[in-house]
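I have placed the structure first, in the form of structure tokens, so that the comments after it can refer back to it.
Here is the naming used below: chain letters follow the sequence lines, and residue numbers restart at 1 for every chain.
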Amino acid sequence: MSLEQLNPRQKAAVKYIDSPLLVLAGAGSGKTRVITQKIAYLVEECGVKAGNIAAVTFTNKASREMKERISQILDKSKSRGLKVSTFHTLGLNILRKEYKHIGLKSGFSIFDSQDVAGVIKDIVLADGGADSDQVQQLQWKISAWKNNLIDPAQADLYTEDKFDELCASVYKRYQQTLRAYNAIDFDDLIYEPVKLFQKNREILDKWQTRIHYMLVDEYQDTNGCQYELVKLLVGGRTSLTVVGDDDQSIYAWRGANPENLNQLKVDYPSLHVIKLEQNYRSMGRILKAANTLIENNPHVFEKALWSDKGFGDPIKVLRCKNDEHEAERVVSEILSHKFQKRSNFSDYAVLYRGNHQSRIIEKALREHRVPYYLTGGQSFFEKAEVKDIMAYLRIMANSDDDAAFLRVVNTPKREIGPSTLEKLGNYAQQRKCSLYGACHEIGLSQHLPDRALNNLKTFVEWLSRITERAERGDFMSAIRDMVKEIGYQGYLEDTCKDLNTAEKRMENVNELLTWIERVYDQAESGSSLSDIVSYMTLMNILERQEDNENESDCVNLLTLHASKGLEFPYVFIIGMEEEILPHRVSMDEGNIEEERRLAYVGITRAQQNLTLSYTRIRKRYGEKMECEVSRFVDELPQDDLQREGAGETANPEEQKQRGQAHLANLKDLLGNS
DNA sequence: TGGGGTGATATTTTT
DNA sequence: TATCACCCCA
């Protein structure tokens, strides 16, 4: 195999196997290439079987990309059994084999965060009241506990105030409820295997034998639980390579613990560190700006990106009168630039801090007839029609899944209303069984009027028939018939305002079916209905749609967060203002460093040109607010900036503002060191 | 059962 | 200011 295409550092990272390895891979430094080459190296030169290697990523997209690139460099016969998966899929695979040890039955469901919110709501409601804000906080807290491996009993000990006590008691009942539903949540996919491994040496041994080498991508995004899983699977061995960049850690607010990078040095004293600093993406000036900015953050590992792509144009800084003006400027910059360079619309990206900022840009783009593609928004699996069909599959796979039952039972309408369901619920509780189970109990007739009873019976009988068909005969035709038999298309046509949206939703349903078919075809033989449903739950079809849309020539609109891992020739970052970037809330919480990393991520997306913009006045909550340029603009190398716009020469007012920003920044630095 | 009026609310999001 | 739940009424 040829390692010639790699630079010396990359080559070293691929070949190093003597101790655990941390690869500090700067933006655009070819980290995916290192991981894929290393897998090939392990297989071809070190005699490790592909089936004994586990490579872990965070998103489906990253794992798909990695699989694809490996198939390009490694023979199919040699890559057989290679496990490239997300953390959650790895966890699911473990649980599929070991579910009995944690009190689950086969066919368990995976609850998404909406299902979880529903369960918590029910629990609090039984307590006598809840507002949606509280449910949110409870959900967040429980998730945080799981991410830090704290079980309900331990949570009891950690309570500091009344709210913590409530959380702990809800946590306990929440776990019980999930078990009763034969369900787990996303966090459990990692939490439960870790707990099991900690308790049961034998099972851990088995999995350690199965996995000889682990590679972890985007290591700075791991949480405590994920790190523990890696640590357990690696055990005392040296067979670990993690790749990460502390400067691109932008998900701490979601439970990621970038400290895990430093923790490695403690847990593995023999840890070897290799830095990848050559950037293959951007012009020198962009990297200089990025380096200068991020130097304002404290670092455990120093790192400076460089490239041999030439220095490039100055970074434009647009100063605008107001937000409308800003949008207008950005669009006209894109248009005139495109005209000059004869580039494509898809070469441009507009990045922003918050989703709402896209609206005004969208408006300007529409006015100029510029096609655009908006990333984000509702994910495919959050669409009601997709959730409906998925719920049908879930109840078919796991009859204890009450959440799925409730969603499905009266959609489309079967005249099974709230009062029927309440009585059914009471009865199920009395009999200590699931809602579906309760429908089969003889005693139910005592509690329900005939009409309601009949409706329910008809439904569950139909459901068991179709389930049986799916399990026994041709899976896909049973599913397709199911959609037909419930009259879903007619239901959409009745409930949607216009036929157009009904049609669109039906298209989504069909797309879902196509996907189920694909997953079914690719799944190992012997995969059950529930296996298919589990994998579907962990998937995001939207990603694929994105790829499709990108083929038509569109300007890209996305949040800074969503931009991580992507690159564009020409990048605009709008709203470079105090209270936006850095965001107000982060300022209050003292999280300036993460905001700075966010700006860093945005800047390093640009290959050739970078334009920043800010406004003097912005409408916020309907009120006109005076704005101040972001401190991050002041932290950039001023000689490399080309400032343009309304009253571009610095007036006394602005001088003063900048002075204040600088002072604040100094204080910030002092406070941190 | 659905639509319209009302009031609260306003980062970032993957699995 | 704009949106989105949610609740109430027809």
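Between Phe58(A) atom CZ and dT15(B) atom C1' there is a gap of 10 Å when expressed in whole angstrom units. Distance CG (Asp188(A)) to P (dT15(B)): 18 Å, rounded to an integer number of Å. Rounded to whole Å, atom C1' of dT1(C) lies 12 Å from atom CD1 of Ile360(A). Atom-to-atom, CG of Asp588(A) to C1' of dT11(B) comes out at 12 Å; the value is rounded to the nearest Å. Residue Leu92(A) contributes atom CG, which lies 19 Å from atom P of dT14(B) at whole-angstrom precision. Across the protein-nucleic acid pair, Asp187(A) atom CG and dT14(B) atom C1' stand 11 Å apart, rounded to whole Å. Rounded to an integer number of Å, the gap from CG of Asp217(A) to C1' of dT14(B) is 14 Å. Between the CG atom of Leu581(A) and the P atom of dT11(B) there is a distance of 15 Å, given to the nearest Å.
Counting only heavy atoms from C-beta on, His88(A) has its side chain closest to dT15(B) among dT13(B), dT15(B), dT3(C). Relative to the side chain of Arg254(A), the nucleotides dT14(B), dT12(B), dG2(B) differ in distance, and dT14(B) lies closest. Taking every side-chain heavy atom of Arg353(A) into account, dT12(B) is the closest of dT13(B), dT12(B), dC6(C). For Lys121(A), the listed nucleotide lying nearest its side chain is dC6(C); candidates were dC6(C), dT11(B), dT15(B).
Regarding contacts with the backbone of dA10(B), every side-chain N or O of Lys619(A) stays at 4.0 angstrom or more from both OP1 and OP2. One finds a side-chain N or O of Asn355(A) lying less than 4.0 angstrom from the OP1 or OP2 phosphate oxygen of dT13(B). The side chain of Thr559(A) contributes an N or O atom lying less than 4.0 Å from OP1 or OP2 of dT13(B).
Between Asp245(A) and Lys31(A) there is no salt bridge, since no side-chain N of the basic residue sits under 4.0 Å from a carboxylate O of the acidic one.
Qualifying ring-ring contact (aromatic ring centres under 6.0 Å, His included) partners for Phe459(A), counting only residues two or more places apart in sequence or in other chains: none. Residues forming a ring-ring contact (aromatic ring centres under 6.0 Å, His included) with Tyr174(A) (at least two apart in sequence, or on another chain): none.
With Glu192(A) as reference, Leu95(A) is the one residue of Leu95(A), Asp187(A), Asp185(A) to meet the side chain to side chain contact (heavy atoms under 4.5 Å, CB included) rule.
A distance cut-off of 5.5 Å between ring centres, combined with a plane angle under 30°, places Trp253(A) in a stacking arrangement with the base of dT12(B). A distance cut-off of 5.5 Å between ring centres, combined with a plane angle under 30°, places His583(A) in a stacking arrangement with the base of dT11(B).
If you check every strand for non-hydrogen atoms under 4.0 Å, Phe186(A) touches a base. Backbone-only engagement by Arg359(A) is indicated by non-hydrogen atom pairs under 4.0 Å involving sugar-phosphate atoms exclusively. Across all strands shown, Ser586(A) has heavy atoms under 4.0 Å from base atoms, whether or not it also approaches the sugar-phosphate. Counting non-hydrogen atoms under 4.0 angstrom, Glu595(A) reaches a base of the nucleic acid.
Across dT14(B) and dT3(C), the matching P atoms stand 22 Å from one another, rounded to whole Å. Straight-line distance between the C1' atoms of dT13(B) and dA2(C): roughly 22 Å, to the nearest whole Å.
With its glycosidic angle within 90° of 0, dT11(B) adopts the syn conformation.
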side-chain hydrogen bond (donor to acceptor under 3.5 Å, both in side chains) evaluation trace for Asp388(A) with Tyr488(A): CA-CA 10 Å; Asp388(A) 284 344; Tyr488(A) 201 74; 2.6 Å; yes

Derivation and outcome, side chain to side chain contact (heavy atoms under 4.5 Å, CB included), residues Met214(A) and Leu90(A): CA-CA 12 Å; Met214(A) 275 199 92; Leu90(A) 175 68; 4.3 Å; yes

